[in-house]
Q: 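Take this structure first; my questions come after.
This chain uses plain numbering: 1 for the first residue, then up along the sequence.
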Amino acid sequence: MYADCSACPQRALLAEGRCVPGDICLVAQSGRQIDRFLRRNPQLAEDYLDDGFWERRAIAARYAPLERVRQMPRDADEVVRRVVASRLPIDELDDYLHDSDREVRMTVAERIAPERLDALIADEDYLVRLQAARRLPHGQLRRMVGDADREVRKEVARRLPSFALSMLAQDADNEVRRIAASRMLPADAAKMLADPDWVVRLEAVQRAPLESISGSLDDAEADVRAAVRQRLNEFFPGDDQ
């Protein structure tokens with residue numbers, strides 16, 4: 001259904017071909033049409049930053065000059081706040097660190113200076129904490145080793161420096177320990193050779209010092225035994241270990 005052009009405050013643009021009813025339209029209740037209109041006519045965006053329709057405000061915030069967006073009061077709608085958080089300079093995002101909307105906080109976590117991410121380490125939502133774990137400076141990652149969510153701890157295991165991965169050696173999740181074992185220092189990996197999960201032991205065999213893995217020749221898992229033999233044979237060519 002087309003919007004009523006006669007009621008549109010920008011109806012003069014129709015004659016200029018700068019809008020198209022049903023396709024490029026400011027007053028339609030369609031985000032796609034509104035976006036096409038303001039993309040074509042961005043000079044009008046700031047006039048709609050306080051519009052009564054949340055989607056029109058959100059789209060206007062994408063195209064309005066940054067100075068005008070910075071002057072916007074905190075919007076009641078979370079979608080509008082997400083757009084604002086995506087455009088503000090990174091040193092002006094502190095007011096959105098503890099926004100009630102998860103997506104707003106995730107947007108902040110993606111953009112804020114890494115040294116400010118400590119404010120999100122204890123966020124109530126695991127996706128926000130996960131984003132923080134992806135960008136935190138290494139020195140602060142230790143604080144997330146005990147996170148309640150396995151996905152967050154997996155990211156910590158991927159990013160912690162190798163010398164610190166022993167902190168995850170007793171993690172309750174097999175996948176976290178597997179990732180840690182695959183990156184540990186050799187001496188720490190040797191301590192994982194007795195892990196209850198065979199995939200963790202397999203990763204440990206690849207990292208542990210050669211002299212420590214012979215005891216795993218009788219491992220209960222065939223793939224682990226094969227990995228041990230392969231490493232030993234590479235070091236002792238022609239030996240049937």
Q: Would you compute the distance between atom CZ of Arg82 and atom OG1 of Thr107 and round it to the nearest 0.5 angstrom?
A: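 Going from CZ on Arg82 over to OG1 on Thr107, the span is 7.5 Å.
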Q: What pair of heavy atoms forms the shortest contact from Gln206 to Ala227, and how long is it?
A: NE2-CB, 3.4 Å
Q: Are Ile59 and Tyr48 close enough that some pair of their side-chain heavy atoms sits under 4.5 Å apart?
A: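 No; the side chains remain at least 4.5 Å from each other.
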Q: Take Arg135 and Ile112 through the side chain to side chain contact (heavy atoms under 4.5 Å, CB included) test and state the conclusion after the steps.
A: CA-CA 10 Å; Arg135 300 186 60 236; Ile112 202 166; 4.2 Å; yes
Q: May I ask you to test the Leu120-Arg129 pair for a side-chain heavy-atom distance under 4.5 Å?
A: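 A side-chain contact under 4.5 Å is absent here.
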Q: Main chain of Ala190, side chain of Ser212: is a donor-acceptor contact present, judged purely on distance under 3.5 Å?
A: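 Looks like no, no N/O pair under 3.5 Å.
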Q: Give, for atom CZ of Arg36 and atom CG of Asn41, the distance between the pair rounded to the nearest 0.5 Å.
A: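 If we round to the nearest 0.5 Å, Arg36:CZ and Asn41:CG are 14.0 Å apart.
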Q: What verdict does the side chain to side chain contact (heavy atoms under 4.5 Å, CB included) test give for Arg102 and Asp123, after you've listed the backbone C-alpha separation in whole Å, the side-chain angles of each residue and the deciding distance to 0.1 Å?
A: CA-CA 9 Å; Arg102 173 182 75 180; Asp123 192 274; over 6 Å; no
Q: Can you establish whether the number of heavy atoms outside Gln43 located under 6.0 Å from its atom CD is more than 12?
A: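 Yes, enclosed.
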Q: So does Ala61 get a backbone contact from the side chain of Arg68, meaning a donor-acceptor N/O pair under 3.5 Å?
A: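 Side chain of Arg68 to backbone of Ala61, a donor-acceptor pair under 3.5 Å: no, none is there.
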Q: Check for me, please, whether Leu49 and Val80 land in the same ILVMFWY cluster - side-chain distances under 4.5 Å, paths through other members count.
A: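 Per the 4.5 Å side-chain linkage, Leu49 and Val80 are co-clustered.
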Q: Let me confirm one number: the CG-CD distance from Asp118 to Gln140, rounded to the nearest 0.5 Å.
A: 5.0 Å
Q: Judged by modelled atom types alone, do Tyr63 and Asp35 share a side-chain donor-acceptor pair under 3.5 Å?
A: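 Tyr63 vs Asp35: donor-acceptor pair found between side chains.
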Q: Should Arg178 and Asp197 be marked as a salt bridge (Lys or Arg N to Asp or Glu O under 4.0 Å) after you check the CA-CA gap, both sets of side-chain angles, and the distance that decides it?
A: CA-CA 9 Å; Arg178 183 197 69 76; Asp197 186 82; over 6 Å; no
Q: What closest approach, in Å, do Gly31 and Glu55 show between heavy atoms, and which atom pair accounts for it?
A: CA-OE2, 3.2 Å
Q: Can you sort out the partners of Arg70 under side-chain hydrogen bond (donor to acceptor under 3.5 Å, both in side chains), two or more places apart, ordered by chain and number?
A: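 By the side-chain hydrogen bond (donor to acceptor under 3.5 Å, both in side chains) rule, Arg70 matches Glu67, Glu92.
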Q: Considering all heavy atoms of both residues, which atom of Ala85 and which atom of Val108 are nearest to each other, and what is their separation?
A: CB-CG2, 4.3 Å
Q: What is the minimum heavy-atom distance between Ile34 and Ala28, and which atoms define it?
A: CD1-O, 3.3 Å
Q: Is the side chain of Arg159 donor-acceptor paired with the backbone N or O of Lys154 at a distance under 3.5 Å, no angle test?
A: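 Pair absent, no side-chain N/O of Arg159 close to backbone of Lys154.
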Q: Measure across Leu97 and Arg105 and return the closest heavy-atom pair with its distance rounded to 0.1 Å.
A: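 Of all heavy-atom pairs spanning Leu97 and Arg105, the closest is O-CD, 3.4 Å.
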Q: Between the main-chain N or O of Met184 and the side-chain N or O of Asp188, is there a donor-acceptor pair closer than 3.5 Å?
A: no
Q: Going from OG on Ser30 to CD1 on Ile24, what distance comes out if it is rounded to the nearest 0.5 angstrom?
A: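 The OG atom of Ser30 sits 11.5 Å away from the CD1 atom of Ile24.
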Q: State yes or no: do Trp198 and Val200 share one hydrophobic cluster built from I, L, V, M, F, W and Y residues joined by side-chain heavy-atom distances below 4.5 Å, directly or via other members?
A: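 No, no single cluster joins them.
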Q: Donor-acceptor check, side chain of Arg225 to backbone of Asp218, threshold 3.5 angstrom: yes or no?
A: no
Q: Answer yes or no: is there an ion pair linking Glu234 with Arg231, defined by an N-O contact shorter than 4.0 Å?
A: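 Answer for the salt bridge query: no.
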Q: With a cut-off of 6.0 Å (strictly less than), are more than 12 heavy atoms of other residues, nucleotides or ligands near CZ of Arg32?
A: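 Counting neighbours around CZ of Arg32, 12 or fewer heavy atoms of other residues, nucleotides or ligands fall under 6.0 Å, so no.
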Q: Answer whether the closest heavy-atom distance between the side chains of Val79 and Asp101 falls below 4.5 Å.
A: no
Q: Output, in order, the C-alpha distance, side-chain angles, deciding distance and verdict of salt bridge (Lys or Arg N to Asp or Glu O under 4.0 Å) for Asp147 and Arg153.
A: CA-CA 6 Å; Asp147 193 274; Arg153 300 197 309 279; 5.7 Å; no
Q: Salt bridge check, Arg116 against Asp94: does any charged N sit closer than 4.0 Å to a carboxylate O?
A: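 So Asp94 pairs with Arg116 through a salt bridge.
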Q: Could you report the tightest heavy-atom contact between Ala164 and Arg142, atom names first, then the distance?
A: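 Nearest heavy atoms, Ala164 then Arg142: CB-NH2, 3.9 Å.
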Q: Checking side chain to side chain contact (heavy atoms under 4.5 Å, CB included) for the pair Val152/Glu155: CA distance, chi angles, key distance, verdict?
A: CA-CA 5 Å; Val152 175; Glu155 186 62 27; 5.8 Å; no
Q: Could you check Leu136 against Ile121 for side chain to side chain contact (heavy atoms under 4.5 Å, CB included), going step by step and ending with a plain yes or no?
A: CA-CA 9 Å; Leu136 268 174; Ile121 286 176; 3.8 Å; yes
Q: Does Leu117 share a hydrophobic cluster with Tyr126, counting links as ILVMFWY side-chain heavy atoms below 4.5 Å and allowing steps through other members?
A: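 Leu117 and Tyr126: one cluster.
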Q: Can you sort out the partners of Asp99 under side-chain hydrogen bond (donor to acceptor under 3.5 Å, both in side chains), two or more places apart, ordered by chain and number?
A: Arg74, Arg81
Q: Nearest 0.5 angstrom please: Met144 CE to Asp149 CG, how far?
A: 9.5 Å
Q: Could you check whether any side-chain heavy atom of Val199 comes within less than 4.5 Å of a side-chain heavy atom of Val224, counting everything from C-beta outward?
A: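 No, too far: nothing below the 4.5 Å cut-off.
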Q: Output the rest of the hydrophobic cluster of Phe163: all Ile, Leu, Val, Met, Phe, Trp and Tyr residues reachable through side-chain heavy-atom contacts under 4.5 Å, sorted by chain and number.
A: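 Phe163 clusters with Leu185.
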Q: For the pair Arg201 and Asp195, find out whether any cationic side-chain nitrogen is under 4.0 Å from an anionic carboxylate oxygen.
A: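 No, this pair does not count.
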Q: Could you point out which residue of Cys19, Pro21, Cys8 forms a side-chain contact (heavy atoms from CB on, under 4.5 Å) with Val27?
A: Cys8
Q: Is there a side-chain contact between Val84 and Asp75 (heavy atoms, below 4.5 Å)?
A: no
Q: Do Ile90 and Val83 land in one hydrophobic cluster if side-chain heavy atoms of ILVMFWY residues count as linked below 4.5 Å?
A: no
Q: State the CE-CG distance between Met192 and Leu165, to the nearest 0.5 angstrom.
A: 9.5 Å
Q: Membership question, hydrophobic clusters at under 4.5 Å side-chain separation (ILVMFWY): are Val128 and Val104 in the same one?
A: yes
